[in-house]
Amino acid sequence: MAESVSVVVPVYNNAATLKELADRLGEVLSHSAGSYEVVFVNDGSRDASGEVLRELSRNNQSIKVLTLSRNFGQHPAICAGFEHATGDLIVLMDADLQDLPEHIPLFMEELRKGESDIVYCTKNRDDKRLSSRFTSALYHLVFSKLIGTDVPLNIGTFRMFNRTFLEALLQFREVNILYGPLMFYMGFRSSFIDLPYTERESGGSSYTFSKRLKLAVNSLISYTDVPHKISIAVGSALLVGSILYSLIVVVEYILFGAALPGGNTLILLGLFLTLGSIMMFLGVIGSYVFRVYQEVLSRPRYLVREKINL
Ligand code: UDP
Ligand code: MG
């Protein structure tokens, strides 16, 4: 029962909810954790979040604040928080009170069973906007494909994990870090708890459709080889199609004395032949570039969960 807990919260324009969040976290954690700290990462907020955090940290040593020099985005902000978290158990949650502090003991209980290193949550919501439903479906499709296992569609950012997992996570030094796909990629023992979906209390999402789409495209490009496979597939289909067509035309000419195509048909045929081969080889080049990219990431080759007699 004596674990220390670090809560990492990225903050971008959440002035309205920060005080209540900090109070409720304090209330919950002072009962359920041995000791705790809340690491707020102010990701270049344009509202009063900075002042609110300064005020909160003045009266409470457990509240730590990292202020980034500008808005870097949710994931870089989370990274900063993780690098400064000192607890045995780490919680990641949003600042807008859509993740309830009161749920932290549920994650803890699950972790304490000792059967998992990370506990995720699933949240069911049915009133989601079509656009965000599309982007999140796309996003999940990407990493389900990547990991080769079924990642639940309604998974939330709210999660809790142990120090072993955190240390493995910190070994990933890539600049364009995306924690959603990465944490699944890392493996370890995971479990899920189901939480009710809570409406946001104030303001809207800090994500616009385009920001979210960018995120999805980003993970599609950096985590999968889908884009250049499309190029190879379309290119070779064009190439094979036009070669087949040419063959048919020539065979018809030789066997049945049919007229050879001329004019536009010939030009189009030549065009498809060249386009097809160019697209296909661009895709091939793409797959080499993808490999180079993977090497540049210089990811750890393996991650250790446990060592015995070592
Ligand atoms: N966030 C951030 N930087 C950004 C955008 C968002 O740190 O550029 C934080 C935000 O403060 C919140 C979390 O990321 O704690 C999730 O954002 P939000 O609640 O707006 O997203 P949604 O709930 O719609 O997924
Ligand atoms: Mg939110």
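Every number for a ligand or one of its atoms is a count from 1 in the order of the listing.
Shown here are the side-chain hydrogen bond (donor to acceptor under 3.5 Å, both in side chains) partners of Ser210, two or more places apart in sequence or in another chain: Thr208. With sequence neighbours left out, Glu51 forms a side-chain hydrogen bond (donor to acceptor under 3.5 Å, both in side chains) with no residue at all. Judged as a salt bridge (charged side-chain N to carboxylate O under 4.0 Å, His left out), and not counting sequence neighbours, Glu252 has no contacts.
Residue contact check: Ala95 has heavy atoms under 4.0 Å from atoms 12 (C), 15 (O) of ligand 1. Counting atoms of ligand 1 from 1 in the listed order, those under 4.0 Å from a heavy atom of Gln98 are 23 (O). If you number the atoms of ligand 1 from 1 as listed, the ones under 4.0 Å from a heavy atom of Asn71 come out as 3 (N), 4 (C), 8 (O).
Hydrophobic clustering, with ILVMFWY side chains joined whenever heavy atoms are under 4.5 angstrom apart, groups Leu25 together with Leu89.
Side-chain contact check for Thr86 and Glu37: at least one donor-acceptor pair (N or O, by modelled atom type) lies under 3.5 Å.
Contacts of Asp96 with ligand 1, taken as heavy-atom pairs under 4.0 Å, involve the side chain alone.
Close to ligand 1: Lys211, with a non-hydrogen atom less than 4.0 angstrom away.
Around the Mg ion (ligand 2), the protein atoms of type N, O or S that sit closer than 2.8 Å are Asp96 OD2, Gln98 OE1.
Aromatic ring centres of Phe172 and Tyr179: separated by at least 6.0 Å.
For the pair Arg163 and Phe165, the cation does not sit on the ring face, since its NZ or CZ is not both under 6.0 Å from the ring centre and inside 45° of the axis.
The backbone N or O of Thr157 lies less than 3.5 Å from a partner atom in the side chain of Arg159, making a donor-acceptor pair.
For Arg112 and Glu3, the salt-bridge test passes: some basic side-chain N is under 4.0 Å from an acidic carboxylate O.
Counting only non-hydrogen atoms, the option in Pro10, Gly73, Gly81 that gets closest to atom 9 (C) of ligand 1 is Pro10.
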